[in-house]
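Numbers here are sequence positions counted from 1.
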Amino acid sequence: MSNGSWESYAIAANNGEDKMLSAVPQLLRLNPEDVEKSAKTVLKVLRLPPALLRKEPLLLAISPDRLIRGFESLLLAETREMIQKKKEGGEDRIEGGTDEVITGVVREACKDTPGLLLGAASNCGIGGISAP
């Protein structure tokens with residue numbers, strides 16, 4: 001890679017960091033390990049795309065426990081909704097493989113709905129999952 005290419009890459013990376021810090025200046029005050037744990041939770045535990053962190057950098061300021069509880073509350077709400085739809089449709093049981101389907105629906109919703117995971121994580125009670 002030529003020096004010009006490296007310089008362009010460095011400028012682009014720096015601009016990305018500037019945008020993120022402009023959106024969430026408190027990241028400068030947080031422990032870097034805590035920010036890293038939150039990022040890894042979003043990417044590896046919840047298996048959401050890196051683009052979500054770029055769109056919603058405030059997620060990096062939320063503890064991993066709250067992120068997980070928020071995601072779980074979304075799963076619970078989606079499960080309840082699916083059960084209600086099945087009941088309304090006259091079906092009395094949920095088909096196999098539903099956990100994967102529900103998790104996929106919630107992941108897509110988190111990607112496509114700005115603030116969904118952030119709101120869910122922010123509204124979670126300290127002692128456990130808040131009922132939606």
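The side-chain contact (heavy atoms from CB on, under 4.5 Å) search around Glu56 returns Leu52, Leu59, Leu118, not counting sequence neighbours. In this view, Asp112 and Glu108 satisfy the side-chain contact (heavy atoms from CB on, under 4.5 Å) rule, not counting sequence neighbours. Every residue was checked against the salt bridge (charged side-chain N to carboxylate O under 4.0 Å, His left out) condition with Lys55, not counting sequence neighbours, and none meets it.
Partner of Leu60 under the side-chain contact (heavy atoms from CB on, under 4.5 Å) criterion, out of Leu67, Leu30, Val35: Val35 alone. Considering Leu74, Val105, Ile102, Asp99 as possible partners of Thr79, the one that fulfils the side-chain contact (heavy atoms from CB on, under 4.5 Å) test is Ile102.
Residues Pro64 and Ser38 approach most closely at CD-OG, 3.7 Å, considering heavy atoms.
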**OP:** List the steps, then state whether side-chain contact (heavy atoms from CB on, under 4.5 Å) holds for Asn123 with Ser73.
**Re:** CA-CA 9 Å; Asn123 291 328; Ser73 73; over 6 Å; no
Original post:
Between Glu36 and Asn31, does a side-chain contact (heavy atoms from CB on, under 4.5 Å) hold up when you go through it step by step?
Top reply: CA-CA 9 Å; Glu36 180 182 5; Asn31 182 340; over 6 Å; no
**OP:** Would you please test Ser63 and Asp34 for side-chain contact (heavy atoms from CB on, under 4.5 Å) and show each step?
**Re:** CA-CA 7 Å; Ser63 74; Asp34 293 341; over 6 Å; no
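Between Thr103 atom OG1 and Glu100 atom CD the span is 7.0 Å, to the nearest 0.5 Å. The distance from atom CG of Leu76 to atom CD of Glu81, rounded to the nearest 0.5 Å, is 11.5 Å. Note that the CG atom of Leu117 and the CZ atom of Arg66 stand 11.5 Å from one another [nearest 0.5 Å].
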Enumerate donor-acceptor pairs with a distance under 3.5 Å from any side-chain N or O in residues 41-48 to protein atoms, sequence neighbours excluded.
from  : atom 1 : to    : atom 2 : distance (Å)
Thr41 : OG1    : Lys37 : O      : 2.8

